[in-house]
K.L.:
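One structure, as C-alpha cells, below. Some questions next.
Note that this is a predicted model, so its numbers are computed, not measured. Note that these values count all heavy atoms, side chains included, but never hydrogens, waters or copies made by symmetry.
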Amino acid sequence: MTDNKKERVIEGVDKDGNAVSTLLRQPTAQDYRDSQVQYNETFRKALDSGALLRQKLTDYMTDQGIWDEEKQKENDRFVQEIGDKEKALKAGGIRLSEAKQVALDLRNLRAEFRTLLAEKNALDTNSAEGQADNARFTELVRLCLLDPNTKSPRFADQQAYDAQADEPWVIEAASELAGMIYGLDPDYDKNLEENKFLKEFNFVDDELRFINDEGHLVDMDGRLINEDGRFIAYRTEEGKAKQDAEELYFVDRDGEEVILISGDDDEEEWVKISLKERKPFLDDEDKPIVSSVKDEEKSTEKAASSEKTTTTRKRKTTKTTN
C-alpha cells in the first residue's frame, strides 16, 4: 500500500466489491493554497446562510439546553475518571483480575464519554468554521487522489468528488490522507491504555475482540460467541477444543439451545429448542389433555392425506384409450 512517504497506492473496493487502485500523494504548498480558497468561499456562504461562529456555539447550546453546567460537570468527571484508570493500568501492582476490570470499565467510560460529546461535536461541525474546515479537507482529498497510471486527478471538480464521496475506496483514501496531514495514529484504538493491557495479557486478539484461554471468541462476560456475535456452544469438549463446526450449536445468553425459525434481512426469530413444540397440559391425574384445536388440526391433516392417497390411486388405475 505504501510507495514512499509522499505517495501511497491504496487498494480498495467500490460498493459492488470491485477492486479500485488509487494513488494518494502528499499535499503540496499549492494544494494547501487552493484548499484555503475553498475554505474562504464556504465560510462566507455559511455565514450568509445563518451558520453560527464557534465562539457563539456555547451560548447557543446553553440557551437550547444542549450543553449546560451539569453536562460540563459530567464532562469533567469523565476526563478525571478516564485519567485515573489509565494511571492505574500504567502503575500496575494490583491483581490481574482487578486490572482487567479496570480496563473493561475504561472501555465503557470512553464509550459513554463519546456519547456525551456526540451532539456537541455535531453542532461544531455545522458551525461556519466547521463547514469551512470540512470543505478545505475534501478539496485536499480531491486534489491528492490520482489515477495510478496517468497521475492525473481522479475527480475533475468538487461536484465529481461529491458524487462518489461515499464509495468505500474514497473513504479509505480520505482516512489515509487525514493520517498523512494530521499525523493521526492508524492504530489509535490498539494504543489506548486499556487495549494495550488486554492484548498484553491475551484477553483480546489482534482485532481487539475478547478471547478466552483457549483462543475462542467470547463476550465481555466470557460466553462463547461466533464471528457474528451469536452465543454458541459445542456438543463435546473435544469439539470445543477443535472448534468443530459440526458440533457447534446456538444458545441464548443463559446457555439454552435455540434454533432459527424464521428470518430475513431485517429481523430474525429464534426460539428455545425446548419450546419448539409445546408439551401437552395435564389433567388432575397428570394425564395429557389433547387440545381440541390440535385434535381438529390433526383430523384435517389426516383427511387431506387420505384424499391425496385416493387421488393418486385413481390416477394409477386409469387407462388411456386411443
Side-chain angles (χ1 to χ4, degrees), residues 35 38-92 94 97-141 165-166 171 174-175 177-179 181-199 203-204 207-210 219-221 229 253:
S35 67
Q38 193 69 32
Y39 177 99
N40 296 338
E41 292 179 357
T42 304
F43 182 77
R44 185 174 62 255
K45 289 178 181 178
L47 286 179
D48 291 343
S49 66
L52 293 173
L53 292 169
R54 277 182 176 142
Q55 64 186 31
K56 296 290 186 181
L57 272 179
T58 301
D59 294 338
Y60 173 79
M61 288 188 291
T62 301
D63 292 341
Q64 298 297 315
I66 297 171
W67 195 265
D68 53 21
E69 186 176 344
E70 287 302 313
K71 287 190 176 180
Q72 184 59 46
K73 287 181 180 179
E74 192 174 0
N75 176 91
D76 297 341
R77 177 183 65 81
F78 275 122
V79 172
Q80 182 65 46
E81 289 189 17
I82 288 173
D84 289 344
K85 291 187 183 299
E86 285 180 335
K87 290 177 183 177
L89 288 178
K90 289 179 181 179
I94 57 177
S97 57
E98 184 180 346
K100 180 182 178 183
Q101 189 57 54
V102 170
L104 297 181
D105 291 343
L106 190 47
R107 270 193 171 189
N108 291 333
L109 277 172
R110 289 196 200 277
E112 292 172 11
F113 192 27
R114 292 189 191 103
T115 300
L116 176 67
L117 295 176
E119 191 168 5
K120 183 180 181 182
N121 291 339
L123 281 175
D124 180 75
T125 301
N126 291 323
S127 68
E129 294 96 332
Q131 293 181 48
D133 284 337
N134 184 60
R136 174 167 52 195
F137 178 70
T138 56
E139 178 67 3
L140 282 174
V141 176
D166 61 344
I171 295 172
S175 178
L177 182 62
I181 296 174
Y182 305 118
L184 300 180
D185 184 0
D187 294 322
Y188 171 77
D189 284 335
K190 292 182 179 181
N191 289 326
L192 290 174
E193 202 62 41
E194 61 271 30
N195 290 333
K196 287 195 296 183
F197 164 81
L198 292 170
K199 182 66 178 70
F203 292 121
V204 298
E207 298 177 43
L208 303 182
R209 301 175 300 180
F210 286 101
D219 69 355
M220 288 180 64
D221 297 317
R253 62 176 54 253

K.L.:
Given side chains that start at C-beta, do those of E139 and Y39 come closer than 4.5 Å, heavy atoms only?
P.N.:
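Of all side-chain heavy-atom pairs linking Y39 with E139, none is under 4.5 Å.
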K.L.:
Could you check whether any side-chain heavy atom of Q72 comes within less than 4.5 Å of a side-chain heavy atom of T62, counting everything from C-beta outward?
P.N.:
no
K.L.:
With side chains defined as the heavy atoms from C-beta onward, is the minimum distance between L104 and F210 less than 4.5 Å?
P.N.:
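A side-chain contact exists here, since the closest heavy-atom pair is under 4.5 Å.
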K.L.:
Under 4.5 Å between any side-chain heavy atoms of V204 and N195, yes or no?
P.N.:
no
K.L.:
Which residues pass the salt bridge (charged side-chain N to carboxylate O under 4.0 Å, His left out) test with E81, sequence neighbours left out?
P.N.:
R77
K.L.:
Does the pair E112 and N108 meet the rule for a side-chain hydrogen bond (donor to acceptor under 3.5 Å, both in side chains), with working shown?
P.N.:
CA-CA 6 Å; E112 292 172 11; N108 291 333; over 6 Å; no
K.L.:
Decide, yes or no, whether a salt bridge links E193 with K196 under the criterion of side-chain N to carboxylate O below 4.0 Å.
P.N.:
yes
K.L.:
Do the side chains of R136 and D133 get close enough for a salt bridge, i.e. N-O under 4.0 angstrom?
P.N.:
yes
K.L.:
Nearest 0.5 Å, what's the CG-CG distance between L109 and L116?
P.N.:
12.0 Å
K.L.:
Please examine the side chains of L177 and L140, heavy atoms only from C-beta on, and report whether any two atoms are closer than 4.5 Å.
P.N.:
yes
K.L.:
Indicate whether the side chain of D76 and that of Q80 have a donor and an acceptor atom separated by less than 3.5 Å.
P.N.:
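The answer is no; no qualifying pair exists.
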K.L.:
Please collect all ring pair (Phe, Tyr, Trp, His ring centres under 6.0 Å) contacts where either partner lies in residues 55-90, sequence neighbours excluded, each pair once.
P.N.:
F78-F113
K.L.:
Has N126 got a side-chain atom pairing as donor or acceptor with A122's backbone, closer than 3.5 angstrom?
P.N.:
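Present.
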K.L.:
Return yes if some donor-acceptor pair links the side-chain N/O of S127 with the main-chain N/O of L123 below 3.5 Å, else return no.
P.N.:
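Not confirmed, S127 side chain does not pair with L123 backbone.
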K.L.:
Salt-bridged, R110 to E194, with N to O below 4.0 Å?
P.N.:
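Yes, this pair counts.
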